[in-house]
Novice: 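For reference, the structure I am asking about is given below.
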Amino acid sequence: MMIPWQELSPETLDNLIESFVLREGTDYGEHERSLAQKVADVKRQLQCGEAVLVWSELHETVNIMPKKQLHE
């Protein structure tokens with residue numbers, strides 16, 4: 001189930017994004033990026049509709065995923 005990010009408090013949204021960024025362990029290439037930069041990138045993706053928040057009833061967790069992946 002998709003969760004509208006706009007309905008979350010700014011603090012809750014930031015905490016969800018930070019948790020997502022920290023567990024992903026993504027390689028950003030030659031240039032390391034700060035946690036704040038990574039959080040800002042994910043927030044921008046949510047705001048422009050490239051990414052969505054998804055609630056898993058099975059695992060009782062929230063995840064962030066590309067919107068196009070949701071429809072696959």
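Only this structure's heavy atoms are used, side chains among them; waters, hydrogens and symmetry mates stay out.
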Novice: Any side-chain heavy atom of Ile64 within less than 4.5 Å of one from Gln45?
Specialist: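 No. Closest side-chain heavy atoms not under 4.5 Å.
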Novice: Are side-chain heavy atoms of Glu11 and Asn15 found at a separation under 4.5 Å?
Specialist: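 Yes, close enough: below the 4.5 Å cut-off.
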Novice: For Val39 and Glu18, which heavy atoms make the closest approach, and how far apart are they?
Specialist: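 So the minimum-distance heavy-atom pair works out to CG2-CA, 4.0 Å.
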Novice: Not counting sequence neighbours, list each pair that qualifies as a salt bridge (Lys or Arg N to Asp or Glu O under 4.0 Å) and has a residue in residues 52-63.
Specialist: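 Salt bridge (Lys or Arg N to Asp or Glu O under 4.0 Å) check on residues 52-63 returns no pairs.
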Novice: Which residues satisfy the side-chain hydrogen bond (donor to acceptor under 3.5 Å, both in side chains) test with Asp14, sequence neighbours excluded?
Specialist: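 Partners of Asp14 under the side-chain hydrogen bond (donor to acceptor under 3.5 Å, both in side chains) test: Lys43.
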Novice: Just jot down the side-chain contact (heavy atoms from CB on, under 4.5 Å) partners of Glu7, sequence neighbours excluded, or say none.
Specialist: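 Partners of Glu7 by the side-chain contact (heavy atoms from CB on, under 4.5 Å) criterion, ordered by chain and then number, come out as Pro4.
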Novice: Kindly compute the distance separating CG (Asn63) from CD (Gln69), expressed to the nearest 0.5 Å.
Specialist: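 Result: 8.5 Å between the selected atoms.
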Novice: Side chain to side chain contact (heavy atoms under 4.5 Å, CB included) for Arg33 and Asp41? Distances and angles first, verdict last.
Specialist: CA-CA 10 Å; Arg33 300 181 51 112; Asp41 287 345; 2.7 Å; yes
Novice: Name the atoms and distances for all side-chain donor-acceptor pairs under 3.5 Å in residues 46-56, with sequence neighbours left out.
Specialist:
from, atom 1, to, atom 2, distance (Å)
Ser56, OG, His59, N, 3.1
Ser56, OG, His59, ND1, 3.2

Novice: Quick one: pull up CE in Met2 and NZ in Lys67 and give me the separation to the nearest 0.5 Å.
Specialist: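 Separation between the atoms: 6.0 Å.
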